[in-house]
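Before any comments, here is the structure.
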Amino acid sequence: MTKTSAQPVKTRIVIAGTGYVGMYTAWRLQKKLRRALKKGEVEIVLVGPDSYMTYQPLLPETAAGSLEPRHVVVNLRQLLDRCTLINGRVTYISSKDHRISFTSAAGEDHTLRYDHLVIALGAITRTLPIPGLVEHGIGIKTVGEAVWVRNHVLEQLDIAAATEDKEIRSRALNFTVVGGGFAGIETIAEMENLTRYTIRSYPNLDRSMVRWVLVEASGRILPEVGPELGKRTVNMLRDKGVELHLETFLNSAEDGHVVLSDGTEYDTGTLIWTAGVKPNPVLANSDLPLHERGHVKAGLTLRVPDTDNVWAAGDCAAVPDLTQPEKICVPNAQHAIRQSATLVHNLVAVMNGKNPKPYKHSYLGSIAGLGLYNGVAQIMGIKLRGFPAWVAHRGYHGMYMPTFGRKFRVFTDWTLALFARRDVVSLGEIHEPRADFTRAAKS
Ligand SMILES: Cc1cc2nc3c(=O)[nH]c(=O)nc-3n(C[C@H](O)[C@H](O)[C@H](O)COP(=O)(O)OP(=O)(O)OC[C@H]3O[C@@H](n4cnc5c(N)ncnc54)[C@H](O)[C@@H]3O)c2cc1C
């Protein structure tokens with residue numbers, strides 16, 4: 001690769017980010033511009049750190065072991081075979097020069113010229129300056145995090161079973177999740193379900209020793225499904241023995257000792273932080289107009305104001321919500337997928353000298369999985385809970401999983417789980433793969 005871009009290509013579309021918006025945009029452009037791509041009139045280049053797109057809504061089920069980690073990601077090189085994928089991280093965007101800068105997976109710095117740029121850089125976990133949080137906490141936004149959480153939680157049961165020391169055992173069996181949105185509630189429900197099932201294999205442990213604690217700053221959980229279903233979810237979690245602390249903050253987690261604002265204190269071996277996201281901070285390294293919360297501003301047509309050829313969508317973009325005046329679209333996959341469709345339509349229209357159209361999407365509803373055979377949903381005003389909501393959750397995400405191959409694998413995982421016993425061993429060793437080798441070398 002050269003340090004600066006090659007010149008002969010007529011129109012180069014660069015997509016920064018390879019998540020929902022990045023993948024769907026490239027996939028749709030690849031279909032729409034098939035002829036132009038074949039003739040070499042257009043080039044589509046994606047820049048992102050991974051060679052896969054992560055289907056984030058299925059990460060809690062991945063952590064719980066209902067799905068294989070490799071089955072919730074989409075191989076971009078296979079899917080986007082007429083695009084160019086560069087593994088790297090965008091470091092700067094200059095709309096004035098029509099260039100982005102990035103550091104490649106090889107550690108080299110490059111710049112890349114574009115004729116059109118799609119900003120699809122998503123959001124990152126929003127943390128707060130709470131003592132001990134960075135040292136002990138983990139998010140649930142990547143496949144790596146989901147796999148780690150699974151192995152770590154199962155390992156805590158092994159630790160608890162291997163000791164008679166009350167303090168060590170209690171610390172291992174106290175699990176904490178902060179954040180009562182989708183990610184937090186689905187994670188605590190799935191993981192509680194996993195530990196309840198797994199603990200039956202430990203003769204010296206029982207369910208009453210396990211404590212799952214949810215901490216939420218506001219007075220409600222799952223605001224997306226409405227107050228009534230939110231309350232029912234609270235009751236359902238309490239029935240399962242989950243301890244809910246609403247209107248409560250995590251004050252400290254130093255040395256794994258949790259202190260909550262309602263006075264509760266305990267030691268925990270597991271701290272999962274899902275209390276919100278913020279737009280990708282790399283957007284600050286650009287000459288683009290930013291919204292007060294750090295999103296890149298997008299107009300009604302998803303074009304960035306004061307530019308002809310920069311487009312933005314998804315969690316990183318402040319897109320006006322035409323269904324709710326003065327508001328911007330909330331960060332979710334529903335908007336990301338639909339914004340990508342409008343963005344592709346508009347980008348191609350502008351390339352052909354036509355007018356772009358505004359983005360408008362009425363909220364269809366929300367679905368959350370709450371462990372095996374349980375869920376909660378609000379779809380176009382219809383409220384579901386328990387088993388029907390769980391079926392709707394699996395049906396919706398199974399169908400939305402991109403590509404037939406992924407759908408097949410996801411549905412196969414789910415079907416297998418109906419007939420086979422759950423796989424519940426910790427493979428924590430994979431997080432320190434060289435440990436045995438170095439021990440052997442020292443002995
Ligand atoms: C656990 C969990 C559960 C969820 N459940 C739901 C749900 O049930 N329903 C729903 O609608 N939404 C849900 N969401 C939210 C949904 O997944 C996001 O809204 C969606 O992924 C946003 O798409 P995006 O393309 O904007 O961002 P992402 O999909 O996050 O993609 C951003 C991409 O940018 C890449 N990137 C980051 N930094 C750089 C850089 N410097 N250079 C280049 N690339 C970079 C990332 O690697 C990533 O590929 C959930 C999210 C999580 C974490």
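Both ligands and their constituent atoms are indexed starting at 1 by order of listing.
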Looking at [atom], what's its closest protein heavy atom, distance included?
{"atom": "atom 33 (C) of ligand 1", "answer": "Gly19 N, 3.6 Å"}
{"atom": "atom 12 (N) of ligand 1", "answer": "Ala333 N, 3.1 Å"}
{"atom": "atom 26 (O) of ligand 1", "answer": "Asp315 N, 2.8 Å"}
{"atom": "atom 27 (O) of ligand 1", "answer": "Gly122 CA, 3.4 Å"}
{"atom": "atom 6 (C) of ligand 1", "answer": "Pro57 CG, 3.5 Å"}
{"atom": "atom 51 (C) of ligand 1", "answer": "Gln56 OE1, 3.5 Å"}
{"atom": "atom 38 (N) of ligand 1", "answer": "Asn280 ND2, 2.9 Å"}
{"atom": "atom 23 (O) of ligand 1", "answer": "Tyr20 CB, 3.4 Å"}

* Asked: Would a 4.5 Å heavy-atom cut-off, applied to side chains only, mark Thr403 and Gln78 as touching?
  -> no

* State, with a plain yes or no, whether a side-chain heavy atom of Lys141 is found less than 4.5 Å away from one of Thr54. => no

* Under 4.0 Å between a Lys/Arg side-chain N and an Asp/Glu carboxylate O for Glu68 and Arg409? -> no

* Asked: Is the closest basic N to carboxylate O distance between Glu43 and Arg12 below 4.0 Å?
  -> yes

For [X], counting its heavy atoms only, list the atoms of ligand 1 lying under 4.0 Å from any of them.
{"X": "Gln334", "result": "11 (O)"}
{"X": "Gly17", "result": "34 (O), 44 (N)"}
{"X": "Leu121", "result": "32 (C), 34 (O), 37 (C), 39 (C), 40 (C), 42 (N), 43 (C), 44 (N), 45 (C)"}
{"X": "Pro331", "result": "19 (O)"}
{"X": "Gly314", "result": "26 (O)"}
{"X": "Val21", "result": "25 (O), 26 (O)"}
{"X": "Gly48", "result": "43 (C), 44 (N)"}
{"X": "Ala336", "result": "23 (O)"}

* Of Ile93, Leu59, Ile140, which has the heavy atom at the shortest distance from atom 53 (C) of ligand 1? -> Ile140

* Structure fact -> Filtering Val90, Thr18, Ile86 for the heavy atom nearest atom 40 (C) of ligand 1 leaves Val90

Return yes if some donor-acceptor pair links the side-chain N/O of [X] with the main-chain N/O of [Y] below 3.5 Å, else return no.
{"X": "Thr248", "Y": "Leu246", "answer": "yes"}
{"X": "Glu145", "Y": "Thr142", "answer": "yes"}
{"X": "Lys383", "Y": "Gln378", "answer": "no"}
{"X": "Arg150", "Y": "Ala64", "answer": "yes"}

* Tell me, with the steps shown, if Asn87 and Ser51 meet side-chain hydrogen bond (donor to acceptor under 3.5 Å, both in side chains). => CA-CA 7 Å; Asn87 286 121; Ser51 298; 3.3 Å; yes

* **Worked check of side-chain hydrogen bond (donor to acceptor under 3.5 Å, both in side chains) between Trp212 and Thr195** => CA-CA 10 Å; Trp212 279 94; Thr195 50; 3.0 Å; yes

* Asked: Within 45° of the six-membered ring axis of Tyr55 and under 6.0 Å from that ring's centre, is NZ or CZ of Arg406 located there?
  -> no

* Tell me, please, which residues at least two apart from Ser95 pass side-chain hydrogen bond (donor to acceptor under 3.5 Å, both in side chains). => Asp287

* Before signing off on this row, confirm whether Val282 and ligand 1 have an N or O atom pair separated by under 3.5 Å. => no

* Asked: Within the structure, does Glu186 bring an N/O atom to less than 3.5 angstrom of an N/O atom in ligand 1?
  -> no

* Asked: Does ligand 1 have any atom that is closer than 4.0 Å to a heavy atom of Ala120?
  -> yes

* Asked: Considering only heavy atoms, does Val47 approach ligand 1 within less than 4.0 Å through its side chain, its backbone, both, or neither?
  -> backbone

* Qualifying side-chain hydrogen bond (donor to acceptor under 3.5 Å, both in side chains) pairs, either residue in residues 17-28, two or more places apart -> Thr25-Ser340, Arg28-Ser340

